[in-house]
Amino acid sequence: MKHLQFVLVLAIAVNVWECGDAKFGERGEMSPRRRRCYDGSLPKRLKKRERKLLLDGSSGGEVCHRLYPRVSCCPTRRAAYQILHRRDPRIFSTNNTECGRLLEEIKCARCSPNAQVLFHSLDMDKMPHREPDLPRLCQNFCREFYYTCRGHIPELFQADVDEFCQYYGRRDASLCFPDFQRKQSHHQDSNYLGDEKIEEISRKHKHNCYCAQEVLSGLRQPVAVVHCGDGSQRLFVLEREGIVRILNHNLELIKEPFLDIHKIVQSGLKGGDERGLLSLAFHPNYKKNGKLYVSYTTNQERWAIGPHDHILRVVEYTVSRKNPNQVDTRTVRVLMEVAELHRKHLGGQLLFSPDGLLHIILGDGMITLDDMEEMDGLSDFTGSVLRVDIDTDSCASPYSIPRSNPYFNSTNQPPEIFAHGLHDPGRCAVDRLQSDNGSLVILCTDASGRNTTAGRILEITKGGDYENEPSAYDLHSSGGAPPVGGFIYRGCQSRRLYGSYVFGDKNGNLRILQKSTSSTSASGEEWQEKALCLGSADSCGTMLVGHILGFGEDELGEVYILASSKSMVQSHSGKLYKLVDPKRPYTPKECQHQVEPPELLMTACSRHCKNGRCTPTGKCCCNPSWEGQFCRVAKCEPACRNGGVCVEPNKCLCKSGYSGNQCEKSERGMPNDQENGGIVDHIIDMTSYLLDLTKYVV
């Protein structure tokens, strides 16, 4: 009897050993199944010395040993190495770091002590065409894998996320991959810095300063940072030489540029030379129409009569239908051109108001009275805020060129002068809170005069004359450095910064403007200026170095700073910083927003408009000699005769027996109305004509 009890206890102990640490899934339940490897063999429990040797190895298989350190189906380095390097290259090949990390984890599923359950199940037996290299995935991991790797392994992701995870994911409460505890990524929902990093900074901070956390380095003269508002939480960094780069929601740089027009952009490297790529603005309905607007300086097509140094051009582009991270440069359309004499006080910023109107902000260009007399008409638009209605269905020749002003060229109706009297606008910003309420508040930093570095803050309103009207706030002296405009902070990460206007100057000093809490402050002014303290490298980990080139804002309202080395010779010294409040707690739930992956442009106009361009409202405007709803019908002027068909602009496909540009000539030498051939000849001619037409169409 004692022997029987001993045997029962031993059997129970073996069963407990096999089922121990069976699964850490989404619900953390233990699996009652016996663990088996992919081929049905038993997994091996590794001893401490074996685990240490495997983890210290450099053969490449240590990834799997870290995931399954105690019980594994890959007990040797060779087995783990084969698992990592002998998988299907169609699926397990990518250059993306984040996607590659997930793929390595999936490869290691063959080393799982539960591999037989992960790769063989009743659901999989019913799916004979299911990809055998993928285990049964947990739903959360499946969606993360889909959104991270969809753009890098298109052969695998042919369906939407729901269909993909229904096909490859777990359908019940059984075991699924990953069957180990994963470290969650803090960048999945939004582009916030990791909370552990912020907590470490907070412990070092003993004062009320903020931190400028370095996000990206190696930029070539960055000038602006914008977002497109499509829910993808991407950041677009503009470099002066004519290149726009993308940071994804994880603040990782995408290798291929979003836009590269450096061959047509005229830029300067000397201090004070403002030429180059100036601004980028996305249409408010960009997610559907894919329209974006760019301003830059160029010296191409010197159309202006008289002396000028360069041309400031505003153009429209459309994003590529095949890649949401690239612009289709063939869709360029020039909206406006202005000839300018000097290389300072250019302005050129573009921004949209809540009503969808495009605002173009121009500086005074350092124009003097002598310049105005020599270049008659040049001063009509300098130092102005122009407003243009982009959302129009009109395909008529957009505008006539106003020849009365040889220094201004426009391809739409002449723009409205919204305000004027600006000198050197150093970036303007729209208050996103007021925009949500339907009102428009534009704050701009500007020079107080044409030949002074003293700064002022302007609140731009329609009809404003800022040559004579008082400014909203006159800035204090900052050592002769011109101001650089920023943003009204409407983010969620810092409560004490909310509602403050964050700006700076080119010497690297950051400041904020806050509205007085009472109607009349002690100084009698509505705004109060304060210095924005930045912590040192010891307390923040990184420190803003150099002079400020510009500011940026992401979809969540967080503020970014662009800076560069004071030595302009170091062309790749530009850096991007994120303004962080180290006193904040862990990221609140209300600050987290689900990332929406960028979608392909799928409007009817973008898919079918072949010989024309799409307006922002979705109408196909045809090129000359094309017509029809989507510009697929060619026009011949004069029209084809004697049954000919217009197959290309001004090219007719004639029936047999006729020739000429309009099929007006008869090859039989008789007048067209006197040809009385037999019915058989007509049938033969028509058949031959239809065959020729069919060949052409095919």
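Basis for what follows: all heavy atoms, side chains included, without hydrogens, waters or symmetry-related copies.
For the atom pair SG of C540 and CD of E214, the computed distance is 12.5 Å after rounding to the nearest 0.5 Å. Here the straight-line distance linking atom CG of L549 with atom CZ of R427 works out to 10.0 Å at 0.5 Å rounding. With rounding to the nearest 0.5 Å, the separation of CD in Q116 from CZ in R35 is 13.0 Å. Between the CG atom of L600 and the OG atom of S320 there is a distance of 8.0 Å, given to the nearest 0.5 Å. Here the CG atom belonging to L534 is positioned 7.5 Å from the CE atom belonging to M543, to the nearest 0.5 angstrom. In this structure, the separation between OG on S112 and CZ on R36 is 13.5 Å, given to the nearest 0.5 Å.
Ring pair H283/F352: centre-to-centre distance below 6.0 Å. Two rings, from Y560 and Y577, have their centers 6.0 Å or more apart.
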Criterion side chain to side chain contact (heavy atoms under 4.5 Å, CB included) on V319 and N325, from CA distance to verdict
CA-CA 8 Å; V319 71; N325 289 325; over 6 Å; no
Take F282 and F236, measure what side chain to side chain contact (heavy atoms under 4.5 Å, CB included) needs, and give me the verdict at the end.
CA-CA 10 Å; F282 291 90; F236 299 81; 3.8 Å; yes
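Side-chain contact between I390 and T615 is absent, with no heavy-atom pair separated by less than 4.5 Å. For the pair L576/L247, a side-chain contact is recorded, criterion being any heavy-atom separation below 4.5 Å from C-beta on. By the 4.5 Å heavy-atom criterion applied to side chains, L253 and V237 are not counted as neighbours. By the 4.5 Å heavy-atom criterion applied to side chains, L102 and E144 are counted as neighbours. In this structure the side chain of I246 never reaches within 4.5 angstrom of the side chain of L235, judged on heavy atoms. Looking at heavy atoms from C-beta onward, E316 lies in side-chain contact with P616 at the 4.5 angstrom threshold. Within the 4.5 Å cutoff, the side chain of E239 has no heavy atoms near those of the V244 side chain.
In this structure, C108 and L67 approach most closely via the heavy-atom pair CB-CD1, 3.8 Å. For the residue pair G535 and C209, the shortest heavy atom distance occurs at N-CB, 3.7 Å. Heavy atoms only, all atoms of each residue included: P257 and D260 are closest at CG-CB, 4.3 Å. In terms of heavy atoms, L544 sits closest to A212 at CB-CB, 4.1 Å. When all heavy atoms are compared, the tightest approach of V595 to S232 is CG1-O, 3.7 Å.
For R321 and D328, the salt-bridge test fails: no basic side-chain N is under 4.0 Å from an acidic carboxylate O. Between R110 and E104, no side-chain nitrogen of the basic residue sits less than 4.0 Å from a carboxylate oxygen of the acidic one, so the salt-bridge criterion is not met. Contact check on K578 versus E558 returns no salt bridge, with no Lys/Arg side-chain nitrogen under 4.0 Å from an Asp/Glu carboxylate oxygen.
Between F119 and Y38, the ring-plane angle classifies as perpendicular under the 30° and 60° cut-offs. Ring geometry for F503 against Y501 counts as parallel: the plane angle stays under 30°, on a 0 to 90° scale with 60° as the upper cut. The aromatic rings of F177 and F141 sit perpendicular to each other, their planes meeting at more than 60°, with 30° as the lower class boundary. Between Y498 and Y489, the ring planes are perpendicular. Angles over 60° get that label, and only those under 30° would be called parallel.
Relative to the ring axis of Y317, R330 does not place its NZ or CZ within 45° and under 6.0 Å from the centre.
For the pair N250 (side chain) and E252 (backbone), a donor-acceptor distance under 3.5 Å is absent. Within the 3.5 Å criterion, the main-chain N or O of H593 finds a donor-acceptor partner in the side chain of Q233. In this structure, N248 contributes its side chain and L251 its backbone to a donor-acceptor pair below 3.5 Å. Between the side chain of E555 and the backbone N or O of G231, at least one donor-acceptor pair lies under 3.5 Å.
Less than 2.5 Å separates the SG atom of C111 from that of C74. Distance check for C176 and C138: the SG atoms are under the 2.5 Å cut-off.
The one candidate from L280, V294, L562, L259 that meets the side-chain contact (heavy atoms from CB on, under 4.5 Å) condition with L238 is L280.
One side chain, K291 or T318, offers a donor N or O that lies under 3.5 Å from an acceptor on the other. Donor-acceptor pairing under 3.5 Å is recorded for the side chains of S494 and D581.
A search for side-chain contact (heavy atoms from CB on, under 4.5 Å) contacts involving E553 returns R432, F487, not counting sequence neighbours. Residues passing the salt bridge (charged side-chain N to carboxylate O under 4.0 Å, His left out) test with E599, sequence neighbours excluded: none. With sequence neighbours excluded, the residues satisfying salt bridge (charged side-chain N to carboxylate O under 4.0 Å, His left out) with D230 are R234.
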